[in-house]
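A short worksheet on the structure shown next.
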Amino acid sequence: MLKPIKSITSYSQLYRLIKDIFRNFSNPFEGKDVISLDQFDKTSIIRLFKETEELKKSNPKELLEILKGKVAALVFFEPSTRTFSSNTAAFKRLGGQTIEHQNPLVTSSAVKGESIEDMAKMLEQYCDVIVMRHPIKGTLEKVAEAVEIPVINAGDGIGEHPTQALLDMFTIWEKFKKLNGLKGLMAGDMLNGRTVHSVIRGLSIFPGNTIYLLSPKELRLSREEFKLYSERGIKLIEIESTKDIPPDCNFWYWTRVQKERFSDKRVYERLKLSFILTKKLVNGKAGKNTLLMHPLPRVGEIETAVDADKRAVYLTTEPKNGMYVRMTLFKLILNNK
Amino acid sequence: MLKPIKSITSYSQLYRLIKDIFRNFSNPFEGKDVISLDQFDKTSIIRLFKETEELKKSNPKELLEILKGKVAALVFFEPSTRTFSSNTAAFKRLGGQTIEHQNPLVTSSAVKGESIEDMAKMLEQYCDVIVMRHPIKGTLEKVAEAVEIPVINAGDGIGEHPTQALLDMFTIWEKFKKLNGLKGLMAGDMLNGRTVHSVIRGLSIFPGNTIYLLSPKELRLSREEFKLYSERGIKLIEIESTKDIPPDCNFWYWTRVQKERFSDKRVYERLKLSFILTKKLVNGKAGKNTLLMHPLPRVGEIETAVDADKRAVYLTTEPKNGMYVRMTLFKLILNNK
Amino acid sequence: MLKPIKSITSYSQLYRLIKDIFRNFSNPFEGKDVISLDQFDKTSIIRLFKETEELKKSNPKELLEILKGKVAALVFFEPSTRTFSSNTAAFKRLGGQTIEHQNPLVTSSAVKGESIEDMAKMLEQYCDVIVMRHPIKGTLEKVAEAVEIPVINAGDGIGEHPTQALLDMFTIWEKFKKLNGLKGLMAGDMLNGRTVHSVIRGLSIFPGNTIYLLSPKELRLSREEFKLYSERGIKLIEIESTKDIPPDCNFWYWTRVQKERFSDKRVYERLKLSFILTKKLVNGKAGKNTLLMHPLPRVGEIETAVDADKRAVYLTTEPKNGMYVRMTLFKLILNNK
């Protein structure tokens, strides 16, 4: 979004702008959309994570007061159990209620040819926040511009999935109590992995981070993105063999090769299991405190034998944290009084 | 429904009938089905609208007590985001809970060949009210007769959609504080538009109303319906050109040509945009207080440039009122004590 | 499941085992999975039923406190309105909230090739109990072993549907205040009827029960199952004509021929209406107190004329009891404090 160049033309407008500044001062999240990780600065991220840490310790019954009387519309134009379940649970565990649409292409007015903006404006009349997944990159920005209420991007095709990145970053922060000076490994599909891009984007906000990118040549980060992130200050080192994994990483972030983004399924078949996280590899190369992460679902790129390893958080802490980070975001954005 | 001619054969039956009369006296909505607009008289409609006006001013958290402990089954055999979302939000904003079935033809016992009456009787054991949309006209009446709990028609094919008509009438009443002596315009698909029929039906309950019907010849009201409504006292004037729109209408009610009701798609293509609500038309022909209405979804028959006009309520007040009218109906019908 | 032969190797393990025994002493349901009726003993079943009887008398608003703050994941891989609605209503009437997935094969990560165990582990992070229906027998046992939270089998193909059996047994117990020394009739599809197997299994726990099995030869109980149940002490008598129905049964349990289990649809067509429950049959052969039962949906094997008979409970008491038995199970299993 290009920032508009606009003159202030009335006192009421001036008043509103000043009110916004004060509101933002006490809670920078209030009333905001969450479309891209680029919206966040260091202080906001750390604030979010500290509040998440607090919320995790709260009594579940007390949490039910936080969003009492609020309604979220969950609209998923693409299959999802994980993100849908996580958001539903998050909103309901805070006492809020939901309007749920899975596959609205089949069950909704979209069949009748309604525009996404009209659909969003309609939902705005019924609910307090919209959480949407859509297969086309950029759609969520359009939706956010169409309505006044907050909109949360739950994944827009090859675009972003900011709350996934935040939960991953929170999981790292919770363990190491910092987000700078980290050394990490990301493996798998660097080209199409939406969460890969979001996590790199997020870590590039903090200084002194180095990430090793392990993938077959065909699935390397696009040159544009490699350049973009590098210029933001994060150090990206591409490697092509598990032999080149450095010791004592803070985290290993494994990913699935994104079948649904391949037009030629034979290429997918050849590349899908290029790098597998095995028990042997973990024992040989991972550090004592290395977090073993994966955004899930996995389809073979992690041996189930790794699941029982104490460093493996992909089936436990990571999804659990996803719910809590989303709860905290909902709480801060809606700020129910 | 033909009224049955039945003898009272026991004291307990007599007692029940007298109890019903008293109950009806204090709240004519309690325990009733809402299948057709024909069930309502003037007094009930005005009562509903005054209660809706009150409810709109209530504190959201206090509303949560009204349906606490109640469960609604929402069963939609046809695609809907709008009506489904509106009903869900309405029920949940009153503190009630829902059993939700979208596309039950795919996800339910209907696949196994169960009758709609059996399905309804089963749901009756679990919930306090059934809200149903079904593609076949008359189905909702069958359902209402099968069960003891209230049933609300959320659209039965080319039949009725009474709560849509009520929300439109409420929007007019809220603005002009009357439902008689009105002059309105309806444009688009008069033949197939379910909401068109319901709104005309509703306004014909009140005296002195005149409606201009603007549509291509092929999409005029059927002669039976034209005759039926006219006999009820509403003045219907068919016009074929925007030039014939009279000045100072209380409302313009635009509608979508109902693609799903056409067997020949070429006819649909030719007629679909016969009349478009443009900014130019609004500036030239609408009055200062003319409400610009549309039941939505729209698929091109209203220019988006009209959206910002203060008289345009289709994206804002109309859907918002839909939720509030439904909330008030649920409240009155279930009368939770 | 074979019982493992394991040594106790630490004091903390010993402590945990003793704690479990005490917990089990006060509430044998707490934290348990419900996968098969074989898990239940006589005392547990009677306890469950007595608590259900109490719960049915409770004030609906007070029930809302019982599962406040709890979340259930309802994951149905096969179509269902009945079981889905019943479970949803049960959980919500106790004040709990739900994560709902109908047809997750279409709307979820299952499309991306995720294993059922991974899916369950993920849901475990968001919710307190999983209720799942799956077309493949044995899946629910796998799920229960994958996660720590309780898992409830809502039907696993030709396997079991334990809560259906429990609601049927409760309906019998509620009427006759005993589950031993009963004489019953089961009619229809003895081979494929999942609920048939579960009810026989359940009644075989109690002494002195006799069940007449009325079905065409092709749909008789498999010889293995006939032998298995008979050895458990229940007396099974196969009959092939309504003439052989004995007088004064405690219940008649009619069932649908399971179309979806037939590979040859012609065989289904020939057998589907072998035995029909008619008014004439009821008047001729049923006792004064015989409960007329059916797990529903029905597709012609019960005349609608039978519905009004006071002994017919399939459309009323049976589904209503289903909700209450599930409420009581949820309450005991989750034991929210």
Side-chain angles (χ1 to χ4, degrees), chain A residues 64-77 84 88 91-92 94-134 142-143 145-149 334-337, chain B residues 58-65 74 76-98 100-104 106-107 167 256-260 272 294 296-302 304 307 313-324 326-327:
Chain A
L64 293 174
E65 293 301 309
I66 292 174
L67 294 185
K68 206 175 165 180
K70 295 287 177 190
V71 173
L74 304 176
V75 187
F76 279 65
F77 286 91
F84 184 85
T88 305
F91 210 78
K92 292 182 171 175
L94 294 174
Q97 290 296 333
T98 55
I99 300 168
E100 302 180 7
H101 289 285
Q102 297 195 61
N103 286 335
L105 285 170
V106 177
T107 62
S108 84
S109 300
V111 195
K112 300 177 190 158
E114 186 173 37
S115 77
I116 193 85
E117 285 91 347
D118 273 18
M119 191 201 189
K121 277 175 184 159
M122 173 266 287
L123 289 169
E124 184 180 17
Q125 304 306 316
Y126 309 141
C127 71
D128 302 289
V129 57
I130 295 173
V131 181
M132 191 182 281
R133 167 167 291 191
H134 198 279
K142 284 205 291 185
V143 169
E145 273 166 27
V147 300
E148 304 283 317
I149 58 170
L334 293 173
N335 201 17
N336 203 16
K337 272 169 289 204
Chain B
S58 306
N59 177 319
K61 286 192 190 171
E62 280 166 24
L63 294 176
L64 293 174
E65 293 302 310
L74 304 175
F76 279 65
F77 286 90
E78 268 198 332
S80 165
T81 22
R82 195 168 312 280
T83 310
F84 184 85
S85 300
S86 177
N87 276 289
T88 306
F91 210 79
K92 291 183 172 176
R93 284 194 181 280
L94 294 173
Q97 290 296 332
T98 56
E100 304 180 6
H101 289 286
Q102 297 195 61
N103 287 334
V106 177
T107 62
L167 79 89
R256 175 175 70 90
V257 175
Q258 304 272 313
K259 186 178 182 180
E260 60 274 37
K272 67 177 179 183
H294 189 296
L296 300 182
R298 62 173 166 180
V299 289
E301 66 277 5
I302 301 183
T304 54
D307 298 359
V313 294
Y314 45 86
L315 284 172
T316 50
T317 315
E318 240 179 307
K320 182 72 104 191
N321 281 343
M323 183 174 75
Y324 282 110
R326 287 176 182 119
M327 285 169 84

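In what follows, chains carry the letters A, B, and so on, assigned in the order in which the sequence lines appear, proteins first and then strands, with residues in each chain numbered from 1. All values derive from a computational prediction rather than experimental measurement.
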To the nearest 0.5 Å, tell me how far A:R133 CZ sits from A:Q102 CD.
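Taking CZ in A:R133 and CD in A:Q102, the distance rounds to 10.5 Å.
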Segment of [X] engaging chain A (4.5 angstrom heavy-atom cut-off):
X	answer
B:Y324	neither
B:T316	both
B:Q97	side chain
B:L315	both
B:N321	neither

Do you know which of B:P60, B:G322, B:S85 has the most heavy-atom pairs under 4.5 Å to chain A?
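When all of B:P60, B:G322, B:S85 are compared, B:S85 has the most.
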Looking at B:R93 and A:D128, is any side-chain nitrogen of the basic one under 4.0 Å from a carboxylate oxygen of the acidic one?
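A salt bridge is present here (some side-chain N lies under 4.0 Å from a carboxylate O).
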Ion pair present between A:K92 and A:E100, side-chain N to carboxylate O less than 4.0 angstrom?
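Yes, A:K92 and A:E100 are salt-bridged.
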Residues forming a side-chain hydrogen bond (donor to acceptor under 3.5 Å, both in side chains) with B:K272, sequence neighbours excluded:
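Expected list: B:E269.
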Which residues pass the side-chain contact (heavy atoms from CB on, under 4.5 Å) test with B:Q258, sequence neighbours left out?
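Once residues adjacent in sequence are excluded, the partners of B:Q258 under the side-chain contact (heavy atoms from CB on, under 4.5 Å) criterion are B:D189, B:N192, B:R256, B:E260, B:R261.
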